[in-house]
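Reviewing the structure listed below.
Predicted model only: the values in this text are computed from it and were never measured.
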Amino acid sequence: MTGRVLDLFSCAGGAAMGYHRAGFTVDGCDIADRPRYPFPYHRGDALEYLARLIASGEIERYTLVHASPPCQAGCALTVGTNTSQGWGGTHEDLVAPTRALLDASGLPYVMEQPNGRAKIRKDLSLCGEMFGLGVLRHRNFELGRWATAQPAHPRHRGYVRGHRHGVRRDGPYVAAYGNGGGKATVPEMQQAMGITWTDVREELTEAIPPAYTQWIGRAFLTARQEVFA
């Protein structure tokens with residue numbers, strides 16, 4: 001193995017599996033019970049856990065920290081459809097406190113958010129089409145203490161299959177979120193994202209396809225080798 005990644009707000013382990021495939025040992029942390037998470041993990045508050053690791057010095061066993069903090073206040077659904085309909089209220093935004101602790105850790109980090117108004121630097125933006133996946137699932141990544149070039153974003157091959165604004169469309173991508181309106185089935189989401197170890201719909205709709213973090217993990221290793229070359 002080439003290092004150890006701490007995977008915070010780990011959900012079902014989509015990001016973790018990508019780092020694993022890039023050659024890292026991975027430990028997760030999530031506040032919810034995640035029996036399908038494929039690697040060792042700590043159940044608890046991710047920020048409290050990170051603060052404890054920093055205070056004790058145990059953070060030094062890690063090479064890289066990945067965090068996907070909840071930011072419902074900035075996600076596209078909340079600021080778009082929900083707001084236009086007058087839905088929703090106060091939403092959790094843990095981006096800023098997560099960044100503060102990531103900075104305090106002294107380690108290189110990756111912080112992930114979906115498209116929307118979450119206040120992160122968009123050092124990387126990845127899309128399923130970059131990896132030949134059956135979902136688009138655009139995700140933005142802030143990189144701390146390291147950098148890599150943005151890969152080219154290929155043109156999408158068509159529409160996401162399903163109903164949108166009263167129009168039914170077919171296309172090469174499935175809608176891996178929500179229910180109804182032609183949204184993907186659980187087996188379709190598993191196949192489209194390359195995730196086989198969980199069949200929990202709510203986990204799949206939140207997951208990062210492992211191909212994203214496998215690419216990021218390999219880019220990090222390349223960047224680190226260049227620094228020490």
Side-chain angles (χ1 to χ4, degrees), residues 7-18 28-38 41 43 46 66-95 111-118 120 125-141 156-213:
D7 177 26
L8 299 173
F9 310 97
S10 56
C11 193
M17 184 60 73
C29 178
D30 198 278
I31 199 164
D33 185 25
R34 301 293 185 185
R36 295 166 183 81
Y37 188 77
Y41 94 113
R43 183 178 179 184
H66 176 101
S68 297
C71 184
Q72 294 163 321
C75 81
L77 177 62
T78 300
V79 302
T81 303
N82 287 5
T83 300
S84 70
Q85 296 296 323
W87 301 335
T90 301
H91 296 280
E92 193 170 28
D93 183 351
L94 296 182
V95 169
M111 183 160 53
E112 174 267 337
Q113 288 288 290
N115 268 347
R117 297 180 187 171
I120 68 167
S125 295
L126 300 181
C127 163
E129 181 58 27
M130 295 176 177
F131 308 101
L133 300 180
V135 291
L136 291 178
R137 187 142 292 190
H138 295 91
R139 290 293 183 268
N140 301 312
F141 300 86
H156 299 164
R157 290 172 286 124
Y159 293 108
V160 176
R161 188 196 74 201
H163 294 279
R164 186 171 177 83
H165 304 304
V167 177
R168 164 75 187 187
R169 290 191 172 102
D170 287 319
Y173 313 106
V174 300
Y177 56 88
N179 282 292
K183 301 297 191 300
T185 65
V186 164
E188 285 174 334
M189 286 192 284
Q190 290 175 313
Q191 180 176 3
M193 291 190 287
I195 295 176
T196 59
W197 58 91
T198 179
D199 58 1
V200 177
R201 186 177 189 89
E202 291 74 15
E203 292 183 341
L204 289 165
T205 58
E206 296 178 1
I208 302 173
Y212 292 19
T213 45

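Taking all atoms of both residues into account, the shortest heavy-atom contact from Pro209 to Arg137 is CD-CD, 3.9 Å. Residues Ser10 and Tyr37 come closest through the heavy atom pair CB-CE1, 3.5 Å. The two residues Ala211 and Leu133 have their closest heavy-atom pair at CB-CD1, 4.3 Å. Counting all heavy atoms, side chain and backbone alike, Gly13 lies closest to Pro38 at CA-CD, 4.2 Å. Nearest approach of Pro69 to Glu112, heavy atoms of both residues: CD-O, 4.0 Å. Among all heavy-atom pairs drawn from Arg201 and Ala184, the shortest one is NH2-O, 2.8 Å.
The environment of OH in Tyr159 is sparse: at most 12 heavy-atom neighbours from other residues, nucleotides or ligands sit within 6.0 Å.
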Let's go through Ile195 and Met189 carefully: what are the C-alpha distance in whole Å and the side-chain angles of both, what is the deciding distance for side-chain contact (heavy atoms from CB on, under 4.5 Å) to 0.1 Å, and is it a yes or a no? CA-CA 8 Å; Ile195 295 176; Met189 286 192 284; over 6 Å; no
Could you give me the CA-CA distance, side-chain angles and deciding distance for Met111 and His66, then say whether side-chain contact (heavy atoms from CB on, under 4.5 Å) is met? CA-CA 6 Å; Met111 183 160 53; His66 176 101; over 6 Å; no
Could you give me the CA-CA distance, side-chain angles and deciding distance for Met17 and Thr213, then say whether side-chain contact (heavy atoms from CB on, under 4.5 Å) is met? CA-CA 8 Å; Met17 184 60 73; Thr213 45; over 6 Å; no
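Side chain of Gln190 to backbone of Trp197: no donor-acceptor contact under 3.5 angstrom is found. Judged by distance alone, with hydrogens and angles left aside, the side-chain atoms of Asn140 form no donor-acceptor pair with the main-chain N or O of Ser125 at under 3.5 Å. In terms of modelled atom types and a separation under 3.5 Å, the side chain of Tyr41 and the main chain of Arg34 share a donor-acceptor contact. Tyr173 contributes a side-chain N or O that, together with a main-chain N or O of Arg157, makes up a donor-acceptor pair within less than 3.5 Å.
Note that CG of Asp7 is 8.0 Å distant from CD1 of Ile208, once rounded to the nearest 0.5 Å. Note that the OG atom of Ser68 and the CG atom of Leu94 stand 12.0 Å from one another [nearest 0.5 Å]. Atoms CG and CD, on Asp93 and Gln113 in that order, are 7.5 Å from each other to the nearest 0.5 Å. Going from atom SG of Cys29 over to atom CZ of Arg43 covers 11.0 Å, rounded to the nearest 0.5 Å.
Looking at heavy atoms from C-beta onward, Arg169 lies out of side-chain contact with His163 at the 4.5 angstrom threshold.
Using cut-offs of 30° and 60° for the angle between ring planes, the His156 and His138 rings count as tilted.
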